[in-house]
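Any value given below was found using the heavy atoms of this structure, including those in side chains, with hydrogens, waters and symmetry copies removed. Bear in mind that the values here come from a model prediction, so they are computed numbers and not experimental data. One-based numbering, in listed order, for ligands and for the atoms of each.
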Amino acid sequence: MASLSSNDSIVIVGAGIIGLNVALVLSERGYGQSIAVVAEHFPGDTSLNYTSPWAGCNFSAISGTDATALRWDRLGYDHLSRLASVRSEEAYVHWTPSIELWDEDVPRDKIQHMSEYLRDFRILPEAELPKGVKFAVSFTTLTVNAPEHIKYLHRRLQDQYGVRFVRKRLPSIQSAYASPSTKIVFNCTGIASGTLPGVEDPKCYPTRGQVVLVKAPHIQTNMMRHGADYETYVIPRPGSNGNVILGGYMQKRVSDGSTYAFEVESILARTRDLSLEIRQQEPELLGTFAGLRPSREGGARVERDEVVIDGQKCALVHNYGAGGTGFQAGYGMALESVAIVEDVLHQIQNSMPRANL
Ligand SMILES: Cc1cc2nc3c(=O)[nH]c(=O)nc-3n(C[C@H](O)[C@H](O)[C@H](O)COP(=O)(O)OP(=O)(O)OC[C@H]3O[C@@H](n4cnc5c(N)ncnc54)[C@H](O)[C@@H]3O)c2cc1C
């Protein structure tokens, strides 16, 4: 695989959904041939330190209630909607009917905001709610085949836009400025931002999830139940010949990559209770996985920073800490990471051959 070159004005560290979305936003604006994505893991790899392949994956009301999270979600829904409408098969993103249920603590303001853009949004009448449920909505969501979607982005970035991919584990964020021509580094290292020298953010922590992969082509509805101390979900996986992800767990500050049979039993019992489609026909068990969500106290960090390299001030943009929302909010986070370095992009644009723009 290639190494960093003198054309790499923009270096993105990390090839998870966050780094790939930053590369996509920049490529759509004509910077593809100026980008190198440097990462230890790429789409197709699996590791406990690489979260993206383990995502369920859907758009849901699971994210934070602050204005920033709401804005990123909306931008993410728009982006995934475009993919589902224009290149659904190729991108592994599908429109899917969805029902979300809350046992308590219904985030009303957030629901109000989401109702303004979610397709087919409806509040379910109380008489239709299962026992123990206080509030529920239905809408048309987007489901994503996470491991295939990141492979699609990788291919598209390389083939359509000429983005270069360099496999390397960096010893520090400063080492991403390997070439004097590097003007911006995007730090999209997910969970590693807690320990990577030059970042070492003490607010980062893992949130463990365990999921079960089943074969159940008859399951067509995405379902989520938000409890006080649990999350249960059923997510049909696009482009997988009828596979479905059943979950799950949200274990804060747990970094255990093992999977547990008792957790499989709990997931199967909870999802059977949640989904009529599961009760109608028992799914075939295919496997179980655990992944670590890159969580951060106070929410994700999308922020411009500066480092001094050989006496020169260089732009550094942090984009990490997406927790359980990297796929649904990632494109919105990428748009904002790019917007905060417009001045540097302008300099890069001025030094680019006209043919690249
Ligand atoms: C069970 C589960 C279910 C989930 N379901 C959903 C869902 O339904 N919807 C949703 O939106 N999200 C979901 N998520 C969350 C989502 O998966 C994450 O938010 C997202 O994957 C985070 O992406 P990332 O790019 O920040 O990190 P990662 O995917 O971990 O990527 C980090 C990248 O940085 C690289 N890196 C790190 N350190 C270095 C270094 N020193 N040198 C070079 N490279 C380095 C890694 O190799 C990797 O390429 C789920 C997660 C889990 C675990």
Side-chain angles (χ1 to χ4, degrees), residues 11-23 37-63 72-73 76-77 80 98 141-147 149-150 153-154 165-176 185-199 204 206-213 222 224 231 233-235 237 245-251 254 257 259 267 288-296 300-302 318-334:
V11 172
I12 298 170
V13 189
I17 189 63
I18 298 299
L20 296 171
N21 267 319
V22 171
V37 176
V38 184
E40 185 181 8
H41 300 106
F42 285 126
D45 300 344
T46 55
S47 161
L48 190 59
N49 298 321
Y50 186 30
T51 308
S52 295
W54 307 120
C57 169
N58 65 15
F59 182 99
S60 77
I62 205 168
S63 50
W72 289 339
D73 271 0
Y77 189 82
L80 294 173
S98 181
T141 197
L142 286 317
T143 48
V144 182
N145 182 331
H149 178 67
I150 55 174
L153 287 174
H154 186 193
F165 283 81
V166 179
R167 186 185 290 278
K168 195 168 183 194
R169 180 187 164 88
L170 296 180
S172 66
I173 201 65
Q174 287 84 353
S175 62
V185 168
F186 289 88
N187 167 32
C188 307
T189 53
I191 211 151
S193 285
T195 50
L196 182 66
V199 186
C204 291
T207 299
R208 178 183 176 275
Q210 179 169 319
V211 293
V212 179
L213 181 71
N222 179 82
M224 308 273 300
E231 285 288 338
Y233 49 86
V234 176
I235 309 177
R237 178 163 269 192
I245 287 285
L246 308 180
Y249 283 89
M250 297 285 267
Q251 297 164 334
V254 176
T259 60
I267 289 171
T288 184
F289 313 104
L292 305 180
R293 299 173 182 90
S295 301
R296 183 172 181 270
R301 182 181 184 197
V302 173
H318 296 289
N319 184 347
Y320 62 84
T325 66
F327 283 80
Q328 71 179 59
Y331 193 82
M333 293 166 70

For [atom], the option (of [options]) bearing the nearest heavy atom:
atom                    : options                : value
atom 26 (O) of ligand 1 : V37, V13, I18          : I18
atom 23 (O) of ligand 1 : S52, G190, G326        : S52
atom 14 (N) of ligand 1 : A290, A55, P294        : A55
atom 39 (C) of ligand 1 : N319, N222, N187, T189 : T189

Handout entry: Atoms in ligand 1 with a heavy atom of I17 nearer than 4.0 Å
Key = 20 (C), 21 (O), 23 (O), 25 (O)

Exercise for the section: With heavy atoms of G56 as the reference, note each atom of ligand 1 found under 4.0 Å away. Expected result: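 Listed by number with element, the hits are 3 (C), 4 (C), 5 (N), 6 (C).
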
Quick one: does [X] get within less than 4.0 Å of ligand 1, heavy atoms only?
X    : value
G248 : no
W54  : yes
R208 : no
N49  : yes
I191 : no

Problem - Identity and distance of the protein heavy atom lying nearest atom 13 (C) of ligand 1 - result: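 Answer for atom 13 (C) of ligand 1: G324 O, 3.3 Å.
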
Practice task
Provide, to 0.1 Å, the distance between atom 33 (C) of ligand 1 and the closest protein heavy atom, together with that atom's residue and name.
Solution key: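 The closest heavy atom on the protein side is G14 CA, 3.6 Å.
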
Practice task
With side chain to side chain donor-acceptor pair (under 3.5 Å) as the test, would you mind laying out the steps for S295 and T207 before giving the verdict?
Solution key: CA-CA 6 Å; S295 301; T207 299; 2.7 Å; yes

Problem - G209 N/O to ligand 1 N/O under 3.5 Å - result: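 By distance alone, the answer is no.
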
Practice task
Compute the shortest N/O to N/O distance between R169 and ligand 1 and return yes if it is under 3.5 Å, no if not.
Solution key: no

Practice task
Report yes or no: do D73 and S63 form a side-chain donor-acceptor pair below 3.5 Å?
Solution key: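 Per modelled atom types, D73 and S63 side chains form a pair under 3.5 Å.
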
Handout entry: Polar side-chain atom of Y233 near backbone of I245 as donor-acceptor pair, under 3.5 Å
Key = no

